[in-house]
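Written below as structure tokens is the structure these notes are about.
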Amino acid sequence: MTRTTSGPNMRPNRGYRRWTPFWFLAPAVLTLFIIGIYPTLFAVVTSFRRYNIARPRDGFPFVGLDNYVSVLTDSTFWASLFLTAKFYVTVLPIQIALGLMIALLLHKTGMGFLKSLARVTLVVPLATTYAVVGLIGRLIFNRDFGVANWFLAVFGLGPLDWLGSQAGAFAAIVIMDIWQWTPFCALIFLAGLSMVPGEIEEAARLETSSKWALLKHVQLPYLMPGLTALLILRSADVLKLFDMVFVMTRGGPGSATDLVSVYIQRVGFRVFDLGTASAQAILLLVITILLSRLYIRVLYKEVN
Amino acid sequence: MRLSSGNILHALGLTAVILFTLFPFYWMVSASFKTQADILASPPVWLFTPTLDHYREIFADSKVIGAVGNSLIIATATTALAVLLGAPAAFALARYDFRGKSDLWFWFISNRMTSPIVLALPVYILALQLKMLDTHLVLILIYLTFNLPIVVWICTDQFKSIPPDLEQAARLDGADQFTIFRKIYLPLGAPGIAVSAIFSFIFSWNELLYALVLTRRDVQTAPVVATSFMSGYELPWGKIMATGTVIVLPVTIFALIVSRHMVRGLTMGATK
């Protein structure tokens, strides 16, 4: 990515001064400091305070590590993290399998028009406002008139009280997430498949008629970077996931869909315990920073 | 065309993909044209007489119109700011090596990955203290945390592809860096800038968490208002789905325009 650019930076010419990049960068960096770094530091400070704005009379005293201790011993917080992990290991294999199948269909020669059409429609779920995905989910998975139960009935199953039952609600957010993000996997894999040099792929096709062997020995190496990107990005996305779940289930019923961002939002803005919520958010941030490090280490090798 | 079993399977597979990706979208749009009775029918009705009532209702509803206006103001302003701040930064990243460059990248990538709830909490307290809750400005600024990295990333990539020879020639004519940026990089990098602006608009338009937390009544954005219809005993499904359609349609069109760059935009360019 940051392959050293030949040209100006190699040969300090007229017009190049040590401080030139600074002036170009300063406005963006300064802005990100004010809107990104400063609030983050503020959150760190808040996480060491008792900060419940529903009880302003108590003041906001510093309580040391109390918030962290209570978060780390809070079984609900751990449960929401485990649920987030469970959600990740449920949706991702399905998205990868379906995504790969779609990518192979789109990579195959022939069917020009149908293929372009499918390629274009993949963008639709990705662009759909996440909150609206939640609204659509409420309509589709409605117990009384939802089309999901109609599909079940076609196969002689159901009806299910999707959003009213723990397993049903979890399944419903899984299905909506699969709908929205499978195209992302498909597009990434398609990009990988198109990186395979044409001669190599054709030579391999002459050697073997097994599509499986072709996939495993020729195409797979080109799919790996995309797959790695997916594993890391999707984990960050699942930790972020809020809009769709909030609209569909608000984390319920019970705590069946209480993913970590939904849970922290509730502690912060329903219970108004901003001290505890900040401690939770900082822990989430630590996880995210580790993921970002990993992402950069693996995918932008040149940077380090 | 030859009709082998392989071809038929291929066609069936592609058709299945199209049905899969379009069905929920179709279901929303069709519900927005159904009467409440048709929406509540079980089993669901597939053929119905369309009605424009829900659209008439929402276009007469000052709350919906106001919310769409707010979304438009906020998404446009934050996009303009992101380009204004991000394009020069991208120029520096594309053309110079300097200490701290990799830290800067790390920072941009982490911004892509961080949950909005991390910033929503402190920004809520700060906005409360500064009396900035329920203003356009607070959302315009906070949306920069995800827009600026996107703009910087895509523009850096685009600027790197501009041949350095052009710049050398301009230098010989005595042009300084600011002139080179303005006269060479901005015009030649315009396609990248446009793509990044569209992404920035889409992400801002679609955002819910910050908007939910940082607005009250005056500055509610379209997703917040659409979500707020989801309470009460008898839900106005047609109205909700019409509002959803109105929200999703413009960004879908934008997304189709930049569909070739979708993967780059969503992965911060880790895969080409």
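Bear in mind that the values here come from a model prediction, so they are computed numbers and not experimental data. Residue numbering restarts at 1 for every chain, and letters A, B, ... go by the order of the sequence lines.
Comparing A/I282, A/I232, A/I37, A/L190 by how many heavy-atom pairs each has under 4.5 Å with chain B, the most go to A/I37. Comparing A/Y51, A/F42, A/W23 by how many heavy-atom pairs each has under 4.5 Å with chain B, the most go to A/F42. Heavy-atom pairs under 4.5 Å with chain A peak, among B/T156, B/V213, B/V123, B/I142, at B/V213. Contact count versus chain A (heavy atoms, under 4.5 Å) is highest, among B/T252, B/T227, B/L81, for B/T227. Listed options A/D243, A/T288, A/V123 were ranked by heavy-atom pairs under 4.5 angstrom with chain B; first place goes to A/D243. Contacts with chain A were tallied for B/I202, B/L84, B/V248; B/V248 has the most, counting heavy-atom pairs under 4.5 Å. By number of non-hydrogen pairs under 4.5 angstrom with chain A, the leading residue of B/V17, B/I180, B/L126 is B/L126. Contact tally against chain B (heavy-atom pairs below 4.5 Å) for A/V133, A/T40, A/D237, A/L104: the top residue is A/D237. Each of A/L41, A/I264, A/L135, A/L285 has some count of heavy-atom pairs under 4.5 Å with chain B, and the biggest count is that of A/L135. Interface remark: of the candidates B/L128, B/L14, B/L9, B/T15, B/L14 forms the most heavy-atom pairs closer than 4.5 Å to chain A. Here A/L32 is the residue among A/T128, A/L30, A/I102, A/L32 with the most heavy-atom pairs under 4.5 Å with chain B.
Contact annotation for A/V44: neither backbone nor side-chain heavy atoms come within less than 4.5 Å of a heavy atom of chain B. Using a 4.5 Å cut-off between heavy atoms, B/F91 touches chain A through its side chain atoms alone. Looking at B/F254, neither its backbone nor its side chain comes within 4.5 Å of chain A, counting heavy atoms on both sides. When heavy atoms are compared at a cutoff of 4.5 Å, A/R234 does not approach chain B at all.
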- Message: Before you tell me yes or no, could you show the steps for B/L141 and A/I34 under side-chain contact (heavy atoms from CB on, under 4.5 Å), namely the whole-Å CA-CA distance, both residues' side-chain angles and the distance that decides it to 0.1 Å?
- Response: CA-CA 9 Å; B/L141 290 177; A/I34 298 168; over 6 Å; no
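A 6.0 Å sphere centred on OH of A/Y38 holds no more than 12 heavy atoms belonging to other residues, nucleotides or ligands. No more than 12 heavy atoms of other residues, nucleotides or ligands sit less than 6.0 Å from atom CZ of A/R143.
Contact check for B/I117 versus A/F242: no side-chain heavy atoms found under the 4.5 Å cut-off. Residues A/I140 and B/P24 form a side-chain contact, since some pair of their non-hydrogen atoms from C-beta on lies under 4.5 Å apart. Taking 4.5 Å as the limit, every side-chain heavy atom of A/L239 sits out of range of all side-chain heavy atoms of B/S115. Inter-residue side-chain proximity for B/F23 and A/I136 is flagged as unmet; no heavy-atom pair is nearer than 4.5 Å. Between B/W237 and A/L139 there is a side-chain heavy-atom pair separated by less than 4.5 Å. Between B/P122 and A/T46, the closest side-chain pair of non-hydrogen atoms is not below 4.5 Å. Contact annotation: the side chain of A/I53 approaches that of B/Y124 to within less than 4.5 Å [non-hydrogen atoms, C-beta and beyond]. Between A/T121 and B/F25 the shortest side-chain heavy-atom distance does not fall below 4.5 Å.
Contact detail for A/F145 and B/S42: the closest heavy-atom pair is CA-CB, 4.2 Å.
A/F24 and B/F181 have perpendicular rings, their planes meeting at more than 60° on a 0 to 90° scale where under 30° would count as parallel.
A donor-acceptor pair is defined here as one N or O able to donate and one able to accept, closer than 3.5 Å; no such pair exists between the side chain of B/T145 and the backbone of A/G36.
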